[in-house]
Amino acid sequence: MSKKWLKAAGIRAIKTFCQTLLAMIPTAVAINEVNWLVVLSTSLTASILSLATSVVGLPEVNEEVGE
């Protein structure tokens, strides 16, 4: 894994974390209570899954095999 890949995968995981966090807050508010542990753990899980998906490949990183 190159520095370029790590940076791109990290940015993607952070974006996924923030998107999941922001998507869950209105849902939690709708049931009258924001359970921050659930919101944060779900967001963290989503960002880990984003990193796992990035292992297959990132379109923004055009690496040739062997680099």
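Quick caveat: nothing in here was measured; it's all calculated off a predicted structure. Just so it is clear, the values below take in all heavy atoms, side chains as well, and ignore hydrogens, waters and symmetry mates.
Formation of a donor-acceptor pair under 3.5 Å by the Ser50 side chain with backbone atoms of Ala46 is not found in this model.
A distance of 6.0 Å separates CG of Leu21 from CH2 of Trp36, quoted to the nearest 0.5 Å. Note: Leu40 CG to Phe17 CZ = 5.0 Å, rounded to the nearest 0.5 Å. Distance check, rounded to the nearest 0.5 Å: CD1 of Ile14 to CG of Leu51 gives 9.0 Å. Considering OG of Ser43 and CG of Leu22, their distance stands at 8.5 Å, rounded to 0.5 Å. One distance of note links CG of Leu49 with CG of Leu44; it measures 9.5 Å at 0.5 Å rounding.
The shortest non-hydrogen separation linking Ser54 to Ala9 is CB-CB, 3.9 Å.
Scored by the side-chain contact (heavy atoms from CB on, under 4.5 Å) test, Thr42 finds Thr20, Met24, Val38 as partners (sequence neighbours excluded).
Pairs passing the salt bridge (Lys or Arg N to Asp or Glu O under 4.0 Å) check and including a residue from residues 8-29, sequence neighbours excluded, read Arg12-Glu60.
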